[in-house]
Student: 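Here's a structure for you.
The analysis underlying the following values was restricted to heavy atoms, covering all of them including side chains, and did not include hydrogens, waters or symmetry mates. Treat the numbers as computed from the prediction; the structure is a model and nothing was measured.
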Number of protein chains: 2
Amino acid sequence: MTNRSVGIKDVAAAAGVSVTTVSHVLNDVAYARVGAGTRERVHEAAQRLGYGPNRLAQALRTQRSGMIGFISEEIATTPHAGRIILGAEETARARGYNIMIINSTSTSSQDSRESDVADLLDRQVDGILYATMYHRKLEVPKNLAALPAVLVDSEDISQTVSSVIPDELGGARSAVRTLIDAGHTRIGMLNNTDDVPATHSRLKAFKDTLADAGLPFHQELVQSEHSEVPGGYQAALRLLKPQSRPTAVFCYNDRMAMGAYRAAAELGLKIPEDVSFVGFDNQQLIAENLYPALTTVALPHYEMGAWATENLIDAIEGKADLQLFAAHPTVLPCPLVLRDSVAAPKHEDPSSRATRDSPTHANT
Amino acid sequence: MTNRSVGIKDVAAAAGVSVTTVSHVLNDVAYARVGAGTRERVHEAAQRLGYGPNRLAQALRTQRSGMIGFISEEIATTPHAGRIILGAEETARARGYNIMIINSTSTSSQDSRESDVADLLDRQVDGILYATMYHRKLEVPKNLAALPAVLVDSEDISQTVSSVIPDELGGARSAVRTLIDAGHTRIGMLNNTDDVPATHSRLKAFKDTLADAGLPFHQELVQSEHSEVPGGYQAALRLLKPQSRPTAVFCYNDRMAMGAYRAAAELGLKIPEDVSFVGFDNQQLIAENLYPALTTVALPHYEMGAWATENLIDAIEGKADLQLFAAHPTVLPCPLVLRDSVAAPKHEDPSSRATRDSPTHANT
DNA sequence: GGACGTGGGAGAGCAATGACCAACAGATCA
DNA sequence: TGATCTGTTGGTCATTGCTCTCCCACGTCC
């Protein structure tokens, strides 16, 4: 493999040609006319010496570094960031690029954000990926405009930088729909209290989907709390009071669902027999491991990372114009992940609206 | 901030001096004697034009890129990797370095591992960090020897590359000790079935700690299964059978503990009143959110990333010799994280050994 | 014997660094 | 008092590893 200490001129000497010829042969440049025998000798010498081009020198000369800067808020706090990075890294490498990582924090000042970008600029990255830990709108560092950039899981307030986000609405709709399809007519929601896009869009999708199915919306069936496990527990305790209990619950996220599971257990409710649940986020650790396993909506983190990188590179290579995307974020689907937390409601005529048979529970 | 298009010669022109002088002033070269006035003018011009040195050109000339390669297996599958990256990134940046990430997989061939390293070599990184997703021994790519390198969370079989690993033994000992200190004398263990170092060292620590406290070891109180939630559930079901039930359980990891919680619930056992649990890994999502919250042992991922980077850079800068560390991995402590899953056993004199009150459970 | 085709090399960058040199002042010296 | 010395200030130029635009040498053909 690559041997750090051998340069192009060593290969040239070994093959008995000039460095120009080595460069031409190894880069397979179209206009270069080099005889087959010479080509052969060059390749053989390069191979034998373990030559690998110095990408730094290459970059300096060609004004293209083949590096992509990746700025991420709180790389560590959420497993989601890992999937974005993975998507980005894999597609970047497939196209001959490498990723340089910079960690930022959601609380850092605008100045510090700009110096993150400046760091990357000094490194001569060809483009920048800017990822946030959850979907929101933000003010991008001014100097980000200096080169191709794509926002991942967030939107630029000024709409000058293109971005890719999850289809919150679609995901939430399919979550609610799976409940309706199972035969539920009295459905509750556990919502978040933060003022982030997801809070509003998931609620909107909830209402819309009920309306589309001709189901009434009851304000008291929406309970909001902080979107963590304790919040889910508290909200569920209120929502699952005997007098007005829904037969199914759409949770803002899997963590709230986890809290709701405990509330249900304390109230003596069996899942999914007495109450069905569907979550959001598909956090493996939770969704897969709750009992029963949680049906939920997956956020396309890997896909967003991949899409962003693919399009960033297209822009870098002049194959696409990111400006065209800037006005409207690209929206990627959030697939429903079916597990075991949804069943038909207990005491209701399943034939009334069900469009498909519930997979569980033939009849009581 | 940095403006991509201005080079050192633009600054030179603006300040009315040569590029050499600009370089000398900006790099604060010791031997360079430049008048105060000139210095001032150079700084002002650089500032005004938004000059930032081209790190590529700098690297080419100085033979030092200021980049560290980070190869990680399965960046995405575990939140732990994120913490290692974070530790590495933050300390690297504090010292003027940047991190270039490469994703690998634990199943990839030796050839592909070598080409991961070759990629980094071509990029002229100054050193390499090689991280695995869990603590194990591995055969490092041959070409890794070409430059300073540190293994994170794994050991080099041939003992030529230095590494940093968690103190499994110490962590496990303090986990078991916290149970003993709470007054437990009949303690069980839920172990992993994989043949990885942690399986053996955690069991060894379990036995040793019992012995140190003069407690007998009962083989039937160790139940092993696959180290995931279902495995924990199965193993716990066997372990918590009424006839031979322990009053406390040390779990191989938090996921197994999560399964054990369910088993306990099904068996009608209250935690921690009827049975205490302590886990390992401190996976936030689980340990914090189980009910009651799980007392567990934290793996020092951030610290390992930081230590590795600090020492790697010392080696790069000639301030340390990694060879000295190569023979024995550096071991970092695994602190115990106290939460609410441990209490004194029910029918036993709590004054016997308890050193502190259980913080548990004020309200019902 | 000029045009053309083929095979390959020379040399100028790319943006910085750093060893060494130059110019100029005032000081020193014979 | 002119020549040399010396300290200060700053510039010259080669160099890093590679790419790429010419350009040259040599045949061949008509």
Student: Which nucleotide in the set D/dC20, C/dG8, C/dA15 lies at the smallest distance from any side-chain heavy atom of B/A57?
Tutor: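 Nearest listed nucleotide: C/dA15.
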
Student: Do any side-chain nitrogens or oxygens of A/T21 fall under 4.0 Å of OP1 or OP2 in C/dG9?
Tutor: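 Affirmative; the distance criterion is met.
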
Student: Report the relative orientation of the aromatic rings in B/H80 and B/H301; use parallel for angles under 30°, tilted for 30 to 60°, perpendicular for over 60°.
Tutor: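 Rings of B/H80 and B/H301: parallel, under 30°.
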
Student: Report yes if at least one side-chain N or O of B/T62 is closer than 4.0 Å to OP1 or OP2 of D/dT16; otherwise report no.
Tutor: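 Indeed not, no polar side-chain atom of B/T62 lies that close.
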
Student: When the nearest nucleotide of DNA chain D is assigned to B/Q63 and to B/R41 on a heavy-atom basis, which residue is associated with the more 5' position?
Tutor: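 The residue mapped nearer the 5' terminus is B/R41.
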
Student: For B/D126 and B/I316, which heavy atoms make the closest approach, and how far apart are they?
Tutor: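 That closest heavy-atom pairing would be O-CG1, 3.4 Å.
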
Student: From C-beta outward on A/L60, which listed nucleotide comes closest to its side chain: C/dG8, D/dC20, D/dG17?
Tutor: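 In terms of side-chain proximity for A/L60, the closest of C/dG8, D/dC20, D/dG17 is D/dG17.
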
Student: Nearest to the side chain of A/Y51 - D/dG10, D/dC18, C/dG8?
Tutor: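 Closest nucleotide among those given: D/dC18.
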
Student: Which of the following nucleotides, D/dG11, C/dG8, C/dA16, is nearest to the side chain of A/R33?
Tutor: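 Within the option list, the nearest is C/dG8.
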
Student: Could you please name the option among C/dC14, C/dG8, D/dC13 that lies closest to any side-chain atom of B/T20?
Tutor: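 Per side-chain heavy atoms of B/T20, the pick is D/dC13.
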
Student: Which one, D/dG11, C/dA16, C/dG9, comes nearest to the side chain of B/P53?
Tutor: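 The closest nucleotide is C/dA16.
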
Student: A/L56 has an atom CG; how far is it from atom P of D/dT16, in whole Å?
Tutor: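 It works out to 15 Å between those atoms.
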
Student: Please check if any side-chain donor atom of B/T21 sits under 3.5 Å from a side-chain acceptor atom of B/S18, or the reverse.
Tutor: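 Result is yes, a qualifying pair exists.
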
Student: Less than 4.5 Å apart, any side-chain heavy atom of B/E74 and any of B/T105?
Tutor: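 Yes, close enough: below the 4.5 Å cut-off.
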
